[in-house]
Amino acid sequence: MVNRRKFIHASAFGSLGILFSKMAAGNQVPFTIKGKPVVISTWDAGLEANKAAWEILHKGGRAVDAVEKGVMVTEASQNCCVGLGANPDRDGFVTLDACIMDEFSNCGSVAFLERIKHPVAVARRVMEKTPHVMLVGSGAQQFAVAEGFALEEQKLSTQAQAAYEEWLKNSEYKPPVINIENKNGHGPFAPLKLSNGEWNHDTIGMVAMDAQGNMGGSCTTSGAGFKMRGRIGDSPIIGAGLFVDNEVGACTATGQGEDVIRVAGSHSVVELMRQGLSPEAACKKIIERIVKIKKSKAKDIQVAFLALNKKGQAGAFALHPGFRYAIKNGDKEILVTSKSWFNE
Ligand code: SD4
């Protein structure tokens, strides 16, 4: 996990510190993305994940390969809230959801998958080796094992173990607790505070455009921390946590999955981009739709959308402040703070 402060200072763009601090207030991306390829992903962990995606993109590889390899970095990180080291459900089991989509509208998904290190890679196999889009639970695990994926021992990361033990003290199932910094409740979507002081979130969504102009996307998560056993959010649902349309663009979501599903979030954003809205404007419109539906309850949840259009323009919009996303384009890699419906 990259320490954001260190990253800023170590970056070749260290001299752009002013731009970074402006971004923290929610300004626009401070540079124009210079053509293809480009990759964007959610939260701070996106910086490292984008680097892995770039290894494929800069050699002219496919976007779908890049977004698979990219988020696998986060899935493998025991420090992170994605993958096997993540927050468990309320019964103490880590259950994982992931999906992937390519430029031909091929898509694959797994949900409620246990003891498999790379759910996104299993989702890719579902896409390529079965006539289906989605496998869940023991069936998804059985398929993964048949495909040669190792059945791992479940071992919570130190942070997840500590958070779970803390949660067990009250065992209070009180969704939603919002995924907003400095409000580290012990419920679903509570980010983990790492020993380096950074906050980690339980999802990574990534979308990319390759050198050929083709798009791909992936999304992988442990879902809501201490969730009801069997609960599945938006992340593995094509059209909710992720959508790719190679004629228009791609979008991914993070935050309260139930509220992303109810507006078919990522698909809705892509449809608005089809009508000519910029990525940020499209994301904002769907956040507004959620606000309209949730009314006063909108203050209790976090949702964010992140989109990329065929022109290579990136944009995001969140319900609450605190959502960040990472962009990599050419030799530039930056972390941007999204605008939000509620202000700081
Ligand atoms: C879910 N959308 O399972 C995911 C959670 C998430 O940062 O994005 N957390 O609902």
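Whatever order the structure lists ligands and atoms in, that order sets their numbers, starting from 1.
In terms of N/O distances under 3.5 Å, ligand 1 is approached by D234. Considering backbone and side-chain atoms alike, G255 places an N or O below 3.5 Å from some N or O of ligand 1. For a threshold of 3.5 Å applied to N or O pairs, the pair formed by D97 and ligand 1 contains no separation below that value.
A side-chain donor-acceptor contact under 3.5 Å links Q161 and E165. In the model, T95 has no side-chain atom that pairs as donor or acceptor with a side-chain atom of D89 under 3.5 Å. For the 3.5 Å distance criterion, the side chains of E75 and H118 qualify, holding a donor opposite an acceptor.
For E288, the CD atom sits in a packed shell: over 12 heavy atoms of surrounding residues, nucleotides or ligands are nearer than 6.0 Å.
Between F243 and H267, the two ring planes are perpendicular [angle over 60°; tilted spans 30° to 60°]. Taking the six-membered ring where the residue is Trp, F323 and W43 present perpendicular rings, their angle passing 60° and hence far from 30°.
Here is the list of ligand 1 atoms found below 4.0 Å of a heavy atom in T254: 6 (C), 7 (O), 8 (O), 9 (N). Close contacts between ligand 1 and G223 involve ligand atoms 3 (O) [criterion: under 4.0 Å to a heavy atom]. Numbered from 1 in the order shown, with element, the atoms of ligand 1 that lie under 4.0 Å from a heavy atom of G257 read 10 (O). Near S235, the atoms of ligand 1 lying under 4.0 angstrom from a non-hydrogen atom of the residue are 2 (N), 4 (C).
Close to ligand 1: R231, with a non-hydrogen atom less than 4.0 angstrom away.
The shortest side-chain heavy-atom distance between I290 and I301 falls under the 4.5 Å cut-off.
Which of I237, V303, I232, T203 comes nearest to atom 5 (C) of ligand 1 through a heavy atom is settled by distance: it is T203.
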